[in-house]
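These notes concern the structure reproduced below.
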Amino acid sequence: QVPLVESGGGLVQAGGSLRLSCAASGRTFSTYHKGWFLQAPGKEREFVATISWNGIITTYAESVKGRFTISRDNAKNTVHLQMNGLRPVDSAVYSCAATAGSYSCTSTEYNYWGQGAQVTVSS
């Protein structure tokens, strides 16, 4: 079973907003650091945003800083990515992830992954 499941993706016009959500099942991730990563067609997975287990630390890729906001609700075992001011270059598959290890912005450090949600931004 996939432990993390994303939702909220879709098609939006440039300048619009989407809110991605990631629900966990099978285990609690309240003590895990979490992140969002994107993968465009034919490209490697890239860091978007991460949040520490307690929500105190957040880190963003420079390209999304000021536009995207990562948040989490440990009581609901969820993590979210609010995406504002979307641009066509943001189009990609967005995956949520969790790690039991140290806080990291590197995708290879994450242990659990969702299947990904497609985000398409039209010009």
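Owing to the predicted nature of the structure, the values given are computational and were not obtained by experimental measurement.
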dist S107:OG -> Q39:CD (nearest 0.5 Å) comes out at 9.0 Å

query: Can you tell me if R67 and Y60 form a side-chain donor-acceptor pair at under 3.5 Å?
result: no

Report task. Please determine if R45 forms a cation-pi arrangement with W113, meaning its NZ or CZ atom is less than 6.0 Å from the six-membered ring centre and no more than 45° off the ring axis. Result -> yes

**Main-chain N/O of W53 paired to N74 side chain as donor or acceptor, under 3.5 Å** = yes

Review point. If we only count heavy atoms from C-beta on, is the Y32 to Y112 side-chain gap below 4.5 Å?
Key: yes

Side chain D90, main chain R87, donor-acceptor under 3.5 Å: yes

In terms of heavy-atom contacts, C22 and L4 come closest through SG-CB, 3.8 Å

If we only count heavy atoms from C-beta on, is the T78 to R72 side-chain gap below 4.5 Å?
no

For the pair F37 and Y94, evaluate ring-ring contact (aromatic ring centres under 6.0 Å, His included) and give the outcome as yes or no after the intermediate values.
CA-CA 6 Å; F37 299 83; Y94 286 74; over 10 Å; no

Quiz prompt | Donor on one side chain, acceptor on other, S17 and N84, under 3.5 Å | solution = yes

Q115 and S95 have their tightest heavy-atom pair at C-OG, 4.4 Å

With heavy-atom distances below 4.5 Å as the criterion, would you say the side chains of E6 and W36 are in contact?
yes

Between S104 (side chain) and T106 (backbone), is there a donor-acceptor pair under 3.5 Å? yes

### Query
Does the side chain of L81 come within less than 4.5 Å of T69's, by heavy atoms?
no

Are any of the side-chain heavy atoms of I51 and I57 separated by less than 4.5 Å?
no

Do T59 and F47 touch side chain to side chain, with heavy atoms closer than 4.5 Å? yes

Polar side-chain atom of N111 near backbone of T99 as donor-acceptor pair, under 3.5 Å: no

